[in-house]
Structures are given as C-alpha cells and as structure tokens.
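All values below were derived from every heavy atom in this structure, side-chain atoms included, with hydrogens, water molecules and symmetry-related copies excluded.
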Amino acid sequence: MTDKTAKPAPATFPVASLAPTYPVVPGDFTTAPFGVTPSQTVGPYWHIGLPWADGPDAAPSDAPDRITLAITVIDGNRTPVADAMIETWQADTLGRFNHPDDPRGAVELTPAGFRGFARSAADPTGTALVHTVKPGALPTETEVDEAPHVNVSIFARGMLDRLVTRLYFPEDADAHATDPVLSSLTETERAKLVATKVDGGYSWTVYVQDDNADGVETPFFEL
C-alpha cells in the first residue's frame, strides 16, 4: 500500500554556470586585473552620446577642394540601414597624419583645420555624409605607395563589432594596380571598394551582407 504521507523527492535542476569573477586585490581600479568588456550591439543607442555637432566635418567648410562622401549602407535584405553610424579616418592632402604613430612624425595637417576623422549618422535612406578632402598617397615599407583612400568603419544594429573597409577614388586606376591592399583582392572585389564620382564629391554603397559568396557584399578587413 502506498504511503500517502510520504513527501515527493525534491526536483533537481541543472546548475547554471557562474558568471566570471575577479580576484580581490589591494589597490583601486587602476591596479585591479579586469577582463575584456563583452561586445555589445551599437543598436540605435549611439545617438545618446556619440554624435558631434560637427561630426561629419573632417574638413572645415572653407577648406579648399573640400569634397563630400555620400556613403550608403545596405543590409542583407537590400534594405537601407537607417540607424548606421559611419566613422572615417584618413591622411591629409599630402598623405600625412598628425599622429605619433606616423613613422615620418606628426605634422600640422593640410589644409588648415583638417582633422582626418569624421563621425556621421545615416539618414532614412541609409546614407551618411562626410565632408572632407581627398587624401594623398601613403608610402609603405617598400617602394610601392598605397593609393589614396579613406578608412571607413561601420556601426549598426545587430553588429557586435564594427565593420572596417576602405573607399578608393575612381581616377586613381593606375595607383590601384599596385596598391598592396587592392592587389590582394580579386578584380571583382577591388571594384566594390571604388567610389563613383558625382557633383561635389563621391558616392559609394556598402553592402554589409550577401548569402552569395560572389554577390555584392563589400570586402571587409580584420584589424
């Protein structure tokens, strides 16, 4: 006969893995050993603290030969990424940087007021505008120069890490033939990194994804 007074055995559940902890050590936040901060999607939240009033202006409005780069970001569904953020980093018109990592030494940039860096928000069409100047060629450790280009980083919804690529200029076809980066790509891939000349500057479309390996996806680079 079953003992109806007996209590059922307690249910058992798998033990969840514990979150990582850090050892208690003397000192403060400057001496404590911390791990790598987890990646997070930028989502729409970059609008809270990252925009600058002059963010799109790598070159001031009165800079000679100022151009506008219209960079459009398209996702894998061929939909404009309206919440994307574009960052650009480039040399000045003489191919120089005002940065200590430049082996030639940091210099005042040309034209005056040029800062080499821009941060711009995409509009509902997925297009971000960057006002800048065309950079000069960059010397390498060999006798071959890098063709004039702009380094482009893309932040957007669903991305744990930024996408990094380059924009090249269509009139520099001869330099493209020997550019060390472009030379490592196929002819089809190289063409995807070359912008189109338009009134006032250049237009370029970045496709962040394509299921077809030979499709329209823009080449991206590991840092």
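- Contacts of K134 classified as salt bridge (charged side-chain N to carboxylate O under 4.0 Å, His left out), with partners at least two apart in sequence or in another chain: E171, D172.
- Note on residues 118-164: pairs passing ring pair (Phe, Tyr, Trp, His ring centres under 6.0 Å), not counting sequence neighbours, are H149-Y168.
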- Message: side chain to side chain contact (heavy atoms under 4.5 Å, CB included) for W204 and V150? Distances and angles first, verdict last.
- Response: CA-CA 12 Å; W204 185 51; V150 175; over 6 Å; no

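- Between I71 and Y202, the closest side-chain pair of non-hydrogen atoms is not below 4.5 Å.
- Between L185 and L193, the closest side-chain pair of non-hydrogen atoms falls below 4.5 Å.
- Using cut-offs of 30° and 60° for the angle between ring planes, the W52 and F117 rings count as tilted.
- Residues I67 and T132 meet the side-chain proximity criterion, which asks for heavy atoms closer than 4.5 Å.
- Evaluation of the side-chain contact (heavy atoms from CB on, under 4.5 Å) rule for T142 yields T140, V144 as partners, not counting sequence neighbours.
- Ionic pairing of D54 and R115 is present here: one or more N-O contacts between side-chain nitrogen and carboxylate oxygen are shorter than 4.0 angstrom.
- T165 places a side-chain N or O within donor-acceptor distance of the main-chain N or O of P219, the cut-off being under 3.5 Å.
- Here Q209 contributes atom CD and N77 contributes atom CG; the two are 8.0 Å apart, rounded to the nearest 0.5 Å.
- When side chains are defined from C-beta on, L138 counts as touching F97, because their heavy atoms get closer than 4.5 Å.
- Judged purely by atom type and a 3.5 angstrom limit, R96 has no side-chain atom pairing as donor or acceptor with the backbone of V107.
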